[in-house]
Amino acid sequence: MSTQAIYDAIMEFEDDDVVEAVKEAIEAGVDSQVILNEGLIGAMDEVGRLFSIGDLFVPEMLMAANAMKAGMKVIKPYLKGDDGGRGLVVIGTVEGDLHDIGKNLVSMMMESAGFEVIDLGIDVPAEKFMKTARDNKANIICLSALLTTTMTTMGETVEAIRNSDLNVKTMVGGAPVTQEFANEIGADGFSEDAGEAVVLARTLIAS
Ligand code: B1M
């Protein structure tokens, strides 16, 4: 069984069909990472491409995002965890940025890997990241940004954390974020995707 039905249902913004297609794929034994990467994320990449060339608009992008979220709810319990994760992670999308699908995915994968996760949601100011980390003695703050404009905010947030008295590592990610950018802003780590984020978090905590 392929993941085409999942992909198609997202492209048609049909939340119920996405849920059904994901359930069918799981029942047919398709690997959860394949469902995620080929079906769910694959469709969102295409939505982004169509938006870039003016074939889709914001309301449609939002409907696709909601359809993807419906699918993510179904797949959440099947994302493979292991017993490697220990520690507390505070995660959020930086101030000015409303994208949360990738951040939610990182959050889910961290939880499945055994980390305790406090998810602050979207549009999160630096002060809120720092207060939450301080109040909960977090090991890592994870920042997500999807817009080139909010990469600046990400840099400012990392700087504020570094200039504070907090003993916490910072990890950054999101489609426009790169390792070079992470180095430039002084983040402790960068990960390309949610799976890599788990491995990196474990390494940072051990270091
Ligand atoms: Co927006 N949007 N959007 N959007 N949107 C992008 C990002 C864009 C690339 C589309 C495009 O032009 N092709 C473009 C940004 C261009 C740029 O900055 N250069 C864009 C734009 C322009 C905008 C608006 C400005 C549009 C407008 O209003 N004119 C507006 C901005 C609103 C704001 O934030 N202030 C806007 C709005 C929206 C919606 C609200 C409609 C919706 C978001 C809904 C939601 O998230 N709840 C939306 C969507 C859906 C997208 C696209 C199509 C899909 C994003 C997504 O969910 N991808 C996106 C195009 C694209 O990226 N292909 C686009 C799937 C997700 C799993 O991937 O988030 O990259 P991603 O996460 C990955 C990795 O990046 C990584 O792990 C995940 C994979 O495992 N990762 C991390 C992410 N965060 C991490 C944190 C970590 C580690 C890894 O911590 C350590």
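Just so it is clear, the values below take in all heavy atoms, side chains as well, and ignore hydrogens, waters and symmetry mates. Here the structure is a predicted model, which means the values were calculated and not measured. Ligands are counted one by one from 1 in listed order, and the atoms in each one are counted from 1 as well. One is the number of the first residue; the rest follow in order along the sequence.
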Should we say atom CG of N183 is surrounded by more than 12 heavy atoms from elsewhere, each under 6.0 Å from it? yes

Is there a salt bridge (Lys or Arg N to Asp or Glu O under 4.0 Å) between K131 and D135? Walk through the geometry before answering. CA-CA 6 Å; K131 183 176 185 325; D135 291 350; 2.5 Å; yes

Could you list which atoms of ligand 1 come closer than 4.0 Å to a heavy atom of G96? 33 (C), 34 (O), 35 (N)

Return the residue, atom name and 0.1 Å-rounded distance of the protein heavy atom closest to atom 40 (C) of ligand 1. L62 CD1, 3.9 Å

I'd like to know if atom 9 (C) of ligand 1 has any protein heavy atom within a distance of less than 4.0 Å. no

Looking at D119 and K103, is any side-chain nitrogen of the basic one under 4.0 Å from a carboxylate oxygen of the acidic one? yes

Top protein contact for atom 57 (O) of ligand 1, by heavy-atom distance: I101 CB, 3.3 Å

Number of protein N/O/S atoms that sit closer than 2.8 Å to atom 1 (Co) of ligand 1: 1

Using a plain distance cutoff, I'd like to know if S52 has any nitrogen or oxygen under 3.5 Å from a nitrogen or oxygen of ligand 1. yes

Starting from atom 74 (C) of ligand 1, locate the nearest protein heavy atom and write down its residue, its atom name and how far away it is, to 0.1 Å. E192 O, 3.4 Å

of all protein heavy atoms, closest to atom 19 (N) of ligand 1 is T148 OG1, 3.3 Å

Atom 70 (O) of ligand 1: of A175, G92, A197, G195, the nearest heavy atom sits on A175

Mark the output for R49 as yes if a heavy-atom distance to ligand 1 is under 4.0 Å, and as no if none is. no

Excluding M63, membership of its hydrophobic cluster (Ile, Leu, Val, Met, Phe, Trp, Tyr; side-chain heavy atoms within less than 4.5 Å) reads Y7, M11, F13, V47, L50, F51, I53, L56, V58, M61

Would you tell me which option among A201, A182, G174, A187 has the nearest heavy-atom contact to atom 81 (N) of ligand 1? G174

Protein contact to atom 84 (N) of ligand 1 [nearest heavy atom, distance to 0.1 Å]: S144 OG, 2.7 Å

Any nitrogen or oxygen of D100, side chain or backbone, less than 3.5 Å from one on ligand 1? yes

Is E159 atom CD crowded by more than 12 heavy atoms from other residues, nucleotides or ligands, each under 6.0 Å away? no

Looking at K76 and E111, is there a salt bridge between them, counting it only when a charged N and a carboxylate O are closer than 4.0 Å? yes

Nearest heavy atoms of L79 and Q33, plus distance in Å: CD2-NE2, 4.1 Å

Residue, atom name and distance, where the atom is the protein heavy atom closest to atom 68 (O) of ligand 1: G102 CA, 4.3 Å

Which part of T149 is near ligand 1, with near meaning a heavy atom under 4.0 Å away: side chain, backbone, both or neither? neither

Quick check on atom 60 (C) of ligand 1 - does any protein heavy atom sit closer than 4.0 Å to it? yes

Students should be able to answer this: which protein heavy-atom is nearest to atom 50 (C) of ligand 1, and at what distance? M44 CE, 3.5 Å

Just do the salt bridge (Lys or Arg N to Asp or Glu O under 4.0 Å) check on D100 and K69 with the steps written out, would you? CA-CA 10 Å; D100 68 354; K69 283 184 174 183; 3.0 Å; yes

Atom indices of ligand 1 within 4.0 angstrom of M171 heavy atoms, with elements: 91 (C)

Taking the non-hydrogen atoms of L200, is any one of them nearer than 4.0 angstrom to ligand 1? no

CD of E116: more than 12 outside heavy atoms within 6.0 angstrom? no

Would you say atom 43 (C) of ligand 1 touches the protein, meaning some protein heavy atom is under 4.0 Å from it? yes

Tell me, with the steps shown, if L120 and T132 meet side-chain contact (heavy atoms from CB on, under 4.5 Å). CA-CA 9 Å; L120 297 177; T132 311; 3.7 Å; yes

State whether the shortest distance between N or O atoms of A194 and N or O atoms of ligand 1 falls below 3.5 angstrom. yes

